[in-house]
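Numbers restart at 1 for each chain; the letters A, B, ... are given by sequence-line order, proteins then strands.
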Protein chains: 2
Amino acid sequence: MVKLFFVRSAHIIPGMENGIANLLGALSLAVMDRIEQGAREVVGRGGETPAALIVIGYGQGMTNDKLRRILGLSHSGTVRLVDRLVSDRLVERRPGKDGREVALHLTASGAASRNELLASRISAVTSLLDVLSAAERKQLATLIHELLARQDTSEMDRFTICRMCDDRVCTKCPLPTSKGQHAR
Amino acid sequence: MVKLFFVRSAHIIPGMENGIANLLGALSLAVMDRIEQGAREVVGRGGETPAALIVIGYGQGMTNDKLRRILGLSHSGTVRLVDRLVSDRLVERRPGKDGREVALHLTASGAASRNELLASRISAVTSLLDVLSAAERKQLATLIHELLARQDTSEMDRFTICRMCDDRVCTKCPLPTSKGQHAR
DNA sequence: TTAAATATGTGCGTAGCGCACATATATGGT
DNA sequence: ACCATATATGTGCGCTACGCACATATTTAA
């Protein structure tokens with residue numbers, strides 16, 4: 001008789017293997033708690049607002065609609081989010097290439113807040129990581145790198161996962177850029 | 001969101017060492033995105049509501065105030081959160097030992113939702129993990145276990161980090177139970 | 001030239017949460 | 001016993017972040 005596990009979803013590995021999933025879940029929660037607390041202290045806002053500031057800063061061609069898809073918000077939610085960033089003097093709406101589009105640009109203070117945000121995030125994660133030795137961190141980096149590299153992500157998935165990423169330290173993103181074609 | 005036990009400053013390790021922090025930050029975001037999406041589908045609510053359901057299910061002695069501290073919410077926020085759980089017929093308020101306290105108990109459907117929630121969480125994390133080999137998962141589990149075991153956490157910190165943990169698979173939590181005494 | 005697609009903005013409502021205040025019970029000092 | 005303080009919960013009110021439905025402007029395709 002097979003040992004029955006609760007609701008047997010497609011992805012639940014039977015036996016002790018779920019221990020690792022629980023551990024990663026707990027760690028991820030701790031990491032995100034710290035990142036979000038720091039982000040709120042830096043920009044004074046929560047939700048997807050900090051991520052929006054980072055995403056807009058990746059390039060000067062960001063539009064409302066691309067931002068919406070990356071953040072996973074509704075259209076109106078994104079418009080209101082940008083309204084908040086504009087009223088906080090962090091972002092400017094400029095005319096886009098296409099007459100319909102709005103080109104989102106960081107102001108000087110927006111760029112400064114973005115840098116603080118990225119530094120705060122790295123600091124928050126590092127404060128958890130620094131109990132590991134350099135060798136252990138190297139090992140962990142290799143494993144996470146592989147884990148990310150083997151995901152089946154579209155280009156948009158990648159932007160979503162990387163919406164808080166620090167482009168100053170992440171020069172070569174391990175995530176594949178289009179679904180179905182494995183990077184190896 | 002959650003009150004934290006330490007925010008050491010000047011934690012940025014110079015050089016390439018920040019790559020690992022960025023990778024773990026990205027992974028944690030991806031993990032929590034998936035956990036939160038699944039949780040919202042299961043209980044129809046977001047924020048700290050799913051965590052509350054899990055925490056209340058850990059024992060039958062949970063009070064409003066302990067819950068507040070674990071979730072890192074204000075008192076009134078916690079009262080309203082419990083109001084929602086009660087109106088959803090997932091939780092009952094019963095008289096506590098102390099005349100002031102309220103004893104929070106899961107209803108039958110609350111316990112069922114909690115099990116779905118835990119299964120959904122494990123499934124969400126596993127779907128990201130299963131690109132790794134069994135050996136790699138074992139390695140990763142060991143590293144995360146050590147990372148958590150070496151944190152300097154109080155008992156309340158532990159409850160906060162473990163507020164989404166699956167007590168059916170996590171039998172021995174690696175986190176230390178009180179600050180300053182290292183578990184080794 | 002019109003229909004459909006694309007991109008943005010707005011009115012209105014809701015969920016989740018915090019602050020300040022009110023109430024009820026327990027505890028400790030005198 | 002009495003009263004001040006601590007503890008625990010509940011409430012009025014407002015705010016932030018967000019979604020749905022609708023309106024408007026521009027581009028593309030038939």
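Under 3.5 Å, the side chains of A:T160 and A:D157 contain no donor-acceptor pair of N or O atoms.
Residue A:L81 has its side chain nearest to D:dC18 when only C:dT10, C:dG18, D:dC18 are considered.
In the interface, the side chain of A:S74 is not paired with the base of D:dC20 through any donor and acceptor atom under 3.5 Å apart. The base of C:dG18 does not come close enough to the side chain of B:H75 for any donor and acceptor atom to sit less than 3.5 Å apart.
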Q: Please lay out, stage by stage, how B:L106 and B:V91 fare under the test side chain to side chain contact (heavy atoms under 4.5 Å, CB included).
A: CA-CA 4 Å; B:L106 294 183; B:V91 164; 3.9 Å; yes
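Listed here is the closest heavy atom pair of B:S87 and B:R45: OG-NH2, 4.4 Å. Taking both residues in full, the closest heavy atoms of B:R137 and B:D130 are given as NH1-CA, 4.0 Å, listed atom of the first, atom of the second, then distance.
Taking atom CZ on B:R45 and atom C1' on C:dT14, their separation rounds to 10 Å, with Å as the unit. Rounded to an integer number of Å, the gap from CG of A:L71 to C1' of D:dC18 is 12 Å. The distance from atom CZ of B:R68 to atom C1' of D:dG10 is 14 Å, rounded to the nearest whole Å. In this structure, A:R40 atom CZ and D:dC15 atom C1' are separated by 11 Å, rounded to whole Å. In this structure, B:R69 places its CZ atom 9 Å from P of D:dT9, rounding to the nearest Å. We find that CG of B:L67 is positioned 11 Å from P of C:dC17, with the value rounded to whole Å. Spacing between atom CD of A:E36 and atom P of C:dG16 amounts to 16 Å, rounded to whole angstrom units. The CG atom of A:D65 sits 13 Å away from the C1' atom of C:dG9 (whole-angstrom rounding).
Against DNA chain C, the stretch residues 93-105 of chain B makes heavy-atom approaches under 4.0 Å through B:D98, B:G99, B:R100.
For B:R89, the CZ atom counts as loosely surrounded, since its 6.0 Å shell holds 12 or fewer non-hydrogen atoms of other residues, nucleotides or ligands.
Between A:R80 and B:N64, it is B:N64 whose nearest contact on DNA chain D lies nearer the 5' terminus.
Within the 4.5 Å cutoff, no side-chain heavy atoms of A:I161 are placed close to those of B:L29.
Looking at heavy-atom distances under 4.0 Å, A:T63 makes contact with sugar-phosphate atoms alone, never a base.
No option in B:I70, B:L71, B:D65 other than B:D65 meets the side chain to side chain contact (heavy atoms under 4.5 Å, CB included) test with B:R68.
Side-chain nitrogen and oxygen atoms of A:R84 include none within less than 4.0 Å of the OP1 or OP2 phosphate oxygen of D:dT16.
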